Asker: 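What follows is a structure written as structure tokens; I'll ask about it next.
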Amino acid sequence: MIRVVLAMIGMFFLPFFLYAAYQYVKNSGELKKDFLKDAPINWLIIAGTILAMGTLGSLVSSDILEYERQQRATTEKPAGQTPGRSP
């Protein structure tokens with residue numbers, strides 16, 4: 001569960017980190033205190049939300065597939081054998 005939460009938080013803030021890195025490179029290695037003043041905050045929030053929801057969907061679907069694989073492995077029996085009888 002913590003893996004999902006950390007992945008979603010990381011993906012939400014990824015556009016903000018990338019924007020900060022862009023501003024750092026653009027300003028020749030100086031990061032101003034008010035670099036988020038002119039930032040496109042709405043677009044960064046939308047991009048972060050899309051990345052977080054995509055990550056959530058990916059993690060949930062992979063967990064569901066893994067759960068189904070485990071269930072099939074325990075219920076499958078070799079052909080021709082019945083439980084409780086020895087050959």
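Please read all numbers here as calculations on a predicted model, not as lab measurements. Side-chain atoms are counted along with the backbone in the values below, which use heavy atoms only and exclude waters and symmetry mates. Residue numbers run from 1 in the order of the sequence given.
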Asker: Test of understanding: clusters of I, L, V, M, F, W, Y form through side-chain heavy atoms closer than 4.5 Å, transitively. Do L18 and V25 belong to the same one?
Answerer: no

Asker: Can you list, by chain and residue number, the hydrophobic cluster partners of I2 when the side-chain cut-off is 4.5 Å?
Answerer: L6

Asker: According to side chain to side chain donor-acceptor pair (under 3.5 Å), does anything in residues 7-26 pair up with another residue at least two apart or in another chain? List the pairs.
Answerer: Y19-Q23

Asker: Show me the side-chain donor-acceptor pairs of residues 38-58 shorter than 3.5 Å, one per line, residues at least two apart or across chains.
Answerer:
unit_1, atom_1, unit_2, atom_2, d
T49, OG1, I45, O, 2.8
T55, OG1, L51, O, 2.8

